[in-house]
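These notes concern the structure reproduced below.
Chain identifiers are assigned alphabetically (A, B, ...) following the order of the sequence lines, protein sequences preceding nucleic acid strands; residue numbering begins at 1 within each chain. What you see is a predicted model; the values in this text were computed from it and never measured.
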Amino acid sequence: MSANSFPTNNLAVVTCGLPYANGNLHIGHMRTYVTGDTLSRSLRKIGQKTAFVCGSDMHGTPVAVNAWKEGKHPKEFALSWHEKYKQPFLGMAIEFDNYGHTDDEVNTMLTREIVKTLDDSNHIYDKEILVAWDPLENQPLPDRYVEGACPHCGANARGDECDDGCQRHLEPGEILNPKSIITGNDAEYRNKSHKFFRISDFQDYLQGFINRLEGTANAKNQPREWIEGSLRDWCITRDIDWGIPYPGAEETDLVLYVWVDAVVEYISSTKQYSDRVGSATFDWESAWKKNGEIIHVIGRDIIQHHAVFWPAMLYGSGYTEPRAIMATGFVNLNKKAFSTSRNRAIWVDDYFSEKLDPDLLRYYLVTVGSLQDDIDFSWSNFADKVNGELVGNTGNFLYRSLLFAHREYGGTPQKLVSETVNKRIQEAITEFSDSINKYSLRSSALAGTKLAQYGNAYIQQNEPWKLKKSNPDFAAQVIRDCLQICKAVCILLSPTMPNTTQKIWEEMGESNSIHQVTLIEALESPPISFNSPSEPFMPIDDKKLKDLNSKLDQRINHNSTMGNENSPSETSNLNRISFELFQKLDLRIGKILETKEISGSEKLLLLTVDIGSETRQIVAGIRKFYTMDDLIGKHVVVATNLEKATIFGTESDGMVLAAGDSADLLTTHGDSSPGERIR
RNA sequence: AGCGCGAUAGGAUAGCCAGGAUAUUCCGCCGGGCUCAUAACCCGGAGACCGGUGAUUCAAAUUCACCUCGCGCUACCA
């Protein structure tokens with residue numbers, strides 16, 4: 001291990017990307033927070049002094065816009081979300097040492113101080129830019145306050161991005177027919193002076209920084225395009241009256257761009273923790289101004305802010321640079337990212353309302369794949385992991401060992417741990433620490449799971465239930481060894497599953513909190529006596545699984561059939577056709593009789609469809625979304641008078657109708673028979 | 001378009017930076033065992049030309065080049 005391996009003698013600060021005070025949290029967010037929480041607990045487990053801090057991100061245009069829509073003051077609006085976030089964090093056992101928000105006094109003060117330092121040292125300059133303006137109200141219209149038509153594709157777009165259409169970023173002034181979203185007035189463009197952070201001053205520094213940075217590969221490499229290319233200066237002010245006022249002698253009406261004060265909250269929140277517990281326990285200045293080990297856990301969508309702007313700000317104002325950035329991948333549903341506006345997500349509240357143990361989700365999120373890769377969430381996958389690894393392996397081992405020990409010996413037999421088992425536990429401890437140093441929480445958690453697996457094999461092969469008659473002394477030895485493994489397993493898994501392991505810890509007769517002990521304790525004797533244990537994990541049975549799946553399916557399908565893909569304005573802008581033209585379409589009910597793969601194609605299926613008067617051979621691009629057996633017998637809608645087409649060398653005589661990107665097949669509610677005309 | 005991250009048995013995954021002989025683990029499948037334990041657990045087996053092509057090497061999943069596909073980022077999306 002190198003000299004600066006964890007644990008170091010410095011203070012560590014683990015932070016999580018701030019939740020934006022604008023909407024509910026889903027399990028994609030939780031992937032980041034569970035990772036941060038598990039990391040901070042793990043660091044403490046190996047003896048690193050650590051603070052885990054976060055806060056709500058209160059400012060910015062989206063909050064201002066949404067508050068306005070609800071007729072609230074932005075502060076009231078943001079604070080209500082800030083309050084709401086306490087519950088899901090508590091429920092998921094995410095224990096921040098401090099959870100603040102960006103609009104509080106400490107953050108306001110520190111942010112202004114940092115910006116002033118940057119300004120005083122000439123890293124900030126004024127520049128006139130075009131901003132949208134509401135001439136009637138005499139108000140500036142930043143970012144999302146302005147709407148109009150995208151100059152590239154014509155779709156309805158916000159001032160800064162064509163988010164409904166071609167997704168292109170729009171520069172100020174590009175949008176056509178700009179209107180204020182507040183008043184509906186036509187907007188115009190005016191010149192206005194703004195503050196720019198000269199990031200190019202830090203190019204050399206950042207090049208060094210990105211080579212030193214530890215963490216996930218995406219965080220270390222994605223910013224290189226900017227850092228090793230030419231850095232563009234960063235506009236750090238906005239024309240709204242919600243945010244932290246720009247500091248300086250000549251007060252302006254500008255507030256700081258939300259990303260400036262959002263990241264400073266990492267420092268502010270640490271300071272608040274420090275102020276509360278005293279600097280003898282945790283000195284924020286030692287961490288942030290001297291030699292702290294700063295680790296940021298974020299979603300991979302905000303890498304640039306943390307790996308480019310933020311280190312430049314810190315360096316320019318004399319603060320400690322981040323040691324590592326861990327950028328987590330997204331949680332997807334059917335390979336596609338959650339969409340909060342379409343309610344295509346697993347919300348944290350959904351999870352709680354199913355009365356599922358939070359530790360199960362924590363374990364799943366931590367161990368399901370590599371941290372930086374996207375994962376595809378499914379309840380079946382989740383249930384497999386819970387039932388296989390937690391119930392079957394870990395839980396079963398703990399339960400059978402503790403129960404046997406309690407019944408036969410009333411606790412831990414008076415023996416020394418065998419050399420073999422002692423060595424195996426030490427290996428697990430080493431594996432755990434090594435994994436933390438590689439920022440792999442997956443392997444650190446699996447160190448515990450694998451040890452439990454070893455325990456299961458150990459007890460099975462030694463069969464103490466037989467030995468207790470033939471060789472009682474050896475039986476006691478085996479159980480003694482198993483109990484040591486139990487103790488170690490609990491400690492190793494405690495960062496990932498804090499509640500369950502604490503419960504077992506107490507059942508083993510331990511009197512302190514498992515979260516106060518370090519890894520070394522795993523080799524010390526368990527208590528001599530304890531009571532009957534309880535089953536650590538409850539399985540997710542088939543009925544529950546089916547229920548979870550159908551609830552989710554229902555919601556996703558409901559949303560995709562409700563026309564959510566198209567905003568009302570989009571559909572109303574369509575070119576209308578005459579009824580006569582519509583009548584020319586011959587749409588009929590067809591029944592799928594056979595399905596065949598088309599070799600060489602991943603997407604296409606060859607369908608034989610009964611359309612009443614005849615059967616047709618139709619090629620459809622639905623192979624990705626349906627299994628061949630599921631399709632047989634389905635009633636679908638067929639456009640029968642379409643020109644024949646040759647697709648992938650196969651003739652297609654007609655077209656099967658399906659909705660959207662996931663090719664949701666149109667089918668019937670009643671019992672219409674094949675050939676029936678649709679009108 | 002540029003850049004980043006990926007592609008490994010039916011599904012999900014590890015290994016890749018520091019190249020080495022039968023490619024890891026979990027679910028599922030097949031066969032056997034056990035009964036202390038939550039129909040759990042243990043042992044054995046089948047199943048992968050490690051996305052493609054080429055290069056370097058005694059040796060490539062691992063390094064290099066090019067290509068294909070997927071996802072994302074591109075600075076006023078927090």
Side-chain angles (χ1 to χ4, degrees), chain A residues 17-22 56-63 102 129 131 142-144 158-161 163 167-172 194 199 216-226 228-229 231-238 257-259 262-263 298-305 308-309 327 329-330 332 335-337 367-370 372-376 378 380-381 383-385 387-389 391-393 395-405 407-408 438 440 442-443 446 449-450 453 456-461 463-466 468 475 479 482 533-539 602:
Chain A
L18 311 188
Y20 194 55
N22 192 21
S56 302
D57 186 4
M58 309 278 279
H59 298 136
T61 323
V63 161
T102 57
I129 55 167
V131 294
D143 308 341
R144 298 185 183 180
R158 294 196 310 240
D160 51 5
E161 183 195 11
D163 58 343
Q167 304 290 327
R168 259 181 271 227
H169 164 70
L170 306 178
E171 289 295 325
H194 274 269
I199 290 198
T216 50
N218 52 1
K220 289 189 283 188
N221 294 328
Q222 199 187 88
R224 287 182 193 274
E225 185 187 7
W226 293 9
E228 289 167 6
L231 284 162
R232 292 200 336 240
D233 293 343
W234 188 37
C235 183
I236 54 165
T237 46
R238 290 295 181 276
Y257 175 43
V258 56
W259 265 114
V263 277
I298 58 172
R300 70 177 159 101
D301 51 337
I302 52 175
I303 289 174
Q304 315 288 11
H305 299 92
V308 184
F309 304 139
F330 290 150
N332 293 336
K335 312 271 178 201
K336 283 173 76 180
T367 60
V368 71
S370 284
Q372 66 162 27
D373 293 337
D374 289 358
I375 55 172
D376 208 43
S378 75
S380 315
N381 212 317
D384 273 355
K385 235 173 152 53
N387 295 343
E389 289 175 32
V391 179
N393 171 44
N396 189 235
F397 169 69
L398 293 169
Y399 184 57
R400 73 197 293 202
S401 304
L402 294 176
L403 188 63
F404 196 97
R407 276 187 198 155
E408 299 296 326
K438 289 181 194 156
S440 174
R442 180 179 194 272
S443 3
L446 289 180
T449 304
K450 285 193 281 187
Q453 218 160 27
N456 258 327
Y458 187 79
I459 195 171
Q460 187 74 32
Q461 277 152 24
E463 300 182 311
W465 47 92
K466 282 186 183 166
K468 72 183 179 192
I479 290 302
C482 286
S534 61
E535 294 154 342
F537 305 103
M538 286 302 136
E602 287 177 11

[N] phosphate, OP1 or OP2, under 4.0 Å from [X] side-chain N/O:
X	N	answer
A/N218	B/C73	no
A/Q453	B/C26	yes
A/R400	B/U35	no
A/K466	B/U35	yes
A/S370	B/A14	yes
A/Q372	B/G6	yes

Counting only side-chain heavy atoms from C-beta out, which of [options] sits nearest to [X]?
X	options	result
A/Q222	B/A75, B/U38, B/G4	B/G4
A/N381	B/C5, B/C36, B/A12	B/A12
A/R238	B/C76, B/C26, B/G4	B/C76
A/R407	B/G2, B/C76, B/C36	B/C36
A/N396	B/G2, B/A37, B/C76	B/A37
A/Q461	B/A75, B/U38, B/C43	B/C43
A/W234	B/U38, B/A12, B/A75	B/A75
A/N221	B/C5, B/C34, B/A12	B/C5

Is [X] touching bases, backbone alone, or none of the nucleic acid, heavy atoms closer than 4.0 Å?
X	value
A/R442	sugar-phosphate
A/S401	nothing
A/G392	sugar-phosphate
A/F330	nothing
A/P536	base
A/F309	base
A/K468	nothing
A/L446	nothing
A/E535	base

Tell me whether A/W465 and B/C36 count as stacked here, given that the ring centres must be under 5.5 Å apart and the planes must differ by less than 30 degrees.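 Yes, A/W465 stacks on the base of B/C36.
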Tell me whether A/W226 is stacked on the nucleobase of B/A75, counting only the six-membered base ring and applying the 5.5 Å and 30° thresholds.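 Stacking between A/W226 and B/A75: present.
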Atom-pair distance ([atom1] on [X]; [atom2] on [N]), nearest Å:
X	N	atom1	atom2	answer
A/D301	B/A75	CG	P	14 Å
A/D374	B/C71	CG	P	10 Å
A/N456	B/C26	CG	P	12 Å
A/I303	B/C73	CD1	C1'	8 Å
A/D376	B/A12	CG	C1'	10 Å

Given RNA chain B, 5'-ward residue of the pair A/S443 and A/A262, judged by closest heavy atom: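 On the 5' side of the pair lies A/S443.
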For A/Y399 and A/V258, take the nucleotide of RNA chain B holding the closest heavy atom to each; which residue's nucleotide lies nearer the 5' end?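 Between the two, 5'-proximity favours A/Y399.
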My validator wants the stems of RNA chain B: runs of 3 or more consecutive Watson-Crick or G-U pairs, both distances under 3.5 Å, written as range with range.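 Expected stems, ordered by start: B:1-7 with B:68-74, B:10-12 with B:25-27, B:29-33 with B:41-45, B:51-55 with B:63-67.
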Looking at every heavy atom in both [X] and [Y], which two are closest together, and how far apart are they?
X	Y	result
A/G392	A/N456	O-ND2, 4.0 Å
A/C482	A/I459	SG-CB, 3.9 Å
A/W234	A/I199	CB-CD1, 4.0 Å

[N] versus [M] - spacing of their [atom1] atoms, nearest Å:
N	M	atom1	result
B/U57	B/A65	C1'	16 Å
B/G19	B/U63	P	9 Å
B/C67	B/A14	P	27 Å
B/G15	B/U24	P	14 Å

Does A/Q460 get its side chain close enough to the base of B/C36, under 3.5 Å, for a donor-acceptor pair?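 Side chain to base: pair present.
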Side-chain contact, heavy-atom cut-off 4.5 Å: A/E408 with A/I479?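 They are not in contact (no side-chain heavy atoms under 4.5 Å apart), so the answer is no.
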